[in-house]
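Have a look at the structure below, then the notes.
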Number of protein chains: 2
Amino acid sequence: MKKVTIKDVAKDAGVSVGTVSKVINNKGYVGKETLVKVMASIDRLGYSVNANARSLKSSKSNKVAVLISDISNFYLMSIAKEMEKTIRALGYHMILLSHNDDEQLELASLQIILEQQVDALVIIPTGGNGEMIGLIKRKGIPVISIDRKVDDVVTDLIMDDHYYGSFETIKYLHLLGHRRIGVIYGHRQNSIGRERYQGAIDAIKQLNMDEDSTLIKEANFKEEQAYRSTMELLLSPKPPTAIYSCNNTMTKGVLKAVREQGLRVAKDVSIIAFGDKAQWELITPALSLMAQPVKRIGIEASILLKNRLEAHEEFAEKQIIIKPELVPGNSCQTITIRS
Amino acid sequence: MKKVTIKDVAKDAGVSVGTVSKVINNKGYVGKETLVKVMASIDRLGYSVNANARSLKSSKSNKVAVLISDISNFYLMSIAKEMEKTIRALGYHMILLSHNDDEQLELASLQIILEQQVDALVIIPTGGNGEMIGLIKRKGIPVISIDRKVDDVVTDLIMDDHYYGSFETIKYLHLLGHRRIGVIYGHRQNSIGRERYQGAIDAIKQLNMDEDSTLIKEANFKEEQAYRSTMELLLSPKPPTAIYSCNNTMTKGVLKAVREQGLRVAKDVSIIAFGDKAQWELITPALSLMAQPVKRIGIEASILLKNRLEAHEEFAEKQIIIKPELVPGNSCQTITIRS
DNA sequence: CTGAAAGCGCTTACAG
DNA sequence: CTGAAAGCGCTTACAG
């Protein structure tokens, strides 16, 4: 089937190209009769507008790029789903890319995004590539960052209060009587990792608990590493009475290790995690969570995106920090303190 | 920051536009010195090619559209992740859209896809919109369908053998001694729904089991409806000894209902599901599954996509049907048959 | 090895 | 209400 262009439609309908343009864009004056004729030709020929040509001319692409770390991450995709709804409702569509927390991949993706002339970028950044992201901003493309800060550049930002969440989680375990707490954290290379780590550490110090450094394990946000770290904790001579996992992916590894050791969650070891409620809904016993406000984040990001896309003038970057909420399940036990 | 085009680079480097084009595309003869000059200008000005203009000229967009039913569905996103890897490796990038199993939405998405001049379409179709999908094919865009057939049009197709999977699942329950089996199926509006339904029904008939129509419940592939249907089954005067759930989303509803009734999976009622292993990994007791071959599907789809994208001539549509495998967990109990 | 020129498919003032 | 024409930013033969 030969490619059919606006010219073909014009010829078929016996009008000019400009007139066809007016009908497909539904703007400018077009006579009723002409309209009908053109519509008929469009149908008959199976014409659809070439978005590339249109974008080139109008320098508006109607595309929003969403760049996230992992496409198969349930939490991130819940947010992406919210975004897609908004993006569509605003008359745009979504380009989805992922970077797997690899800065090189992120850079390559950002390059593509630049080339695609997108109208906005929503990103779960690695934290790096500040220069490139700065360039994108200077080109007039709004950048909305979710969950993490980009180093060395200010962007719109929506995230939960990682430090607060971690701090409160430890406080909660302390309240239940725990004094030896294992912490499985990601790393300290980006804001989310640093803040969740620091919140936990500060709470442990402030509450005068065992500052046993062997209880604090880095697991790079990976399930496999969290599994190994948890194993180490469980098999150590003086294991913790509770384990705090700083992220969803790592929590899988933690739970696997506990099960594999034949331990009962809560009874033998308390487990609490920073995470997404929906994702852990069917786990038994119900997981105690510092619950990420997925819905709120999605909504706030959508509002911000809408404002950016529709704003006639620029406005200062917004930083929206949302406090997560502790949702107790049945995975943490009260410990009687021997004095 | 003013938009910088190839012209600006040309002027800055003191060469022609054509020469700049050669260096950014890395083709044709360019003198060493010129090359260096141009590169420097590109860097200095922060130039990046306008993909819209490029596509317009070359009528190749380097875009692959992936249209799925639900962005936050873990199973689908696992496949999408595989696809993204391939797409990137082939030098393309991915546009992701979703249709929520709504034919109107699917049609709108297909329209966008057509306008975007994508080089290929990977789709989890609703089953409808055969006409539009036919049009897309006639425009020379390869269409690769996953998991479901498109009605009234032949496309490349990769799916598991839904009928076989359902049939074998019932056979397995029969083998364990179950004679009253509840079936929660999606609907019969598309191929996946019909085939999974029919496989179960045929097995029940063939094995001479209770053909009690009140045991067979339609739940529209929705968690909420599966929950209600399961409740009905559990509360009926003569409840089934086992329930077969035809899909991941519905399985959530089934499990919730069982728990809410205070019943123990396996001991009180056996549960088996058509589904994705990774998704149910942490559920206790381990769910018995007719396991979807996610990996295989992803790989086969990737290979097919690669062939379509790189083929110099057309070839006949491929239909790849993969047999799912029964993976017993601990969610089904052996029943002693009273005779 | 380099440049000038045509043209991809559209939109947008502008003239009528 | 309609059409002719310029031009968006590129690539691609072609000539030199």
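Just so it is clear: chains get the letters A, B, ... in the order the sequence lines come, proteins before strands, and each one is counted from 1. The structure displayed is predicted, hence computed values, not measured ones.
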Q | Sugar-phosphate, base or nothing in reach of Gly18(A), heavy atoms under 4.0 Å | A | base

Q.
Between Lys27(A) and dT12(C), is there a contact of a side-chain N or O with OP1 or OP2 at under 4.0 Å?
A. yes

Q: Calculate the interatomic distance between Leu35(A) atom CG and dC1(D) atom P; express it in whole Å.
A: 11 Å

Q: State whether a side-chain donor-acceptor pair under 3.5 Å links Asn25(A) with Arg54(A).
A: yes

(Q) Pick the closest DNA chain D nucleotide for Ala53(B) and for Lys22(B) by heavy atoms, then say which residue is nearer the 5' end. (A) Ala53(B)

Q: Please tell me which of the listed nucleotides, dC10(D), dG9(C), dA13(C), lies nearest to the side chain of Asn50(B)?
A: dC10(D)

(Q) Please tell me if Thr5(B) has a side-chain N or O lying less than 4.0 Å from either OP1 or OP2 of dC8(D). (A) no

Q: Using a 4.0 Å heavy-atom cut-off across all strands, classify Val17(B) as base, sugar-phosphate, or nothing.
A: base

Q) Heavy atoms under 4.0 Å, any strand shown: does Lys3(B) hit a base, just sugar-phosphate, or nothing? A) sugar-phosphate

(Q) For Ile24(A) and Val15(B), find the nucleotide of DNA chain C closest to each by heavy atoms; which residue's nucleotide sits nearer the 5' end? (A) Val15(B)

Q: Give one of base, sugar-phosphate or nothing for Lys32(A), where a contact means two heavy atoms less than 4.0 Å apart.
A: nothing

Q) Would one find a side-chain N or O of Asn52(A) under 4.0 angstrom from OP1 or OP2 of dC10(C)? A) no

Q: Could you let me know what dG3(D) is paired to, Watson-Crick or G-U wobble, both distances under 3.5 Å, or none if it's on its own?
A: dC14(C)

Q. Would you say dG3(D) has OP1 or OP2 under 4.0 Å from some side-chain N or O of Thr19(A)?
A. yes

Q) Is a side-chain donor or acceptor of Asp8(B) paired with a backbone partner of Thr5(B) at a separation under 3.5 angstrom? A) yes

Q | Ser58(B) side-chain N/O to dC10(D) phosphate OP1/OP2 under 4.0 Å | A | no

Q: Look at all strands and tell whether Val30(A) reaches a base, only sugar-phosphate, or nothing, counting heavy atoms closer than 4.0 Å.
A: sugar-phosphate

(Q) I'd like to know whether NZ of Lys37(A) has more than 12 heavy-atom contacts from other residues, nucleotides or ligands below 6.0 angstrom. (A) yes

Q. Hey, does Thr34(B) reach any base, or is it just sugar-phosphate, or nothing, if we go heavy atoms under 4.0 Å?
A. sugar-phosphate

**Q.** Expected output: side-chain Arg308(B) to main-chain Phe315(B) donor-acceptor under 3.5 Å
**A.** yes

Q | Under-4.0 Å side-chain N/O to phosphate OP1/OP2 contact, Tyr47(A) with dC10(C) | A | yes

Q.
So, taking the atom named CG in Leu135(B) and the one named CD in Gln111(B), what distance separates them when rounded to the nearest 0.5 Å?
A. 8.5 Å

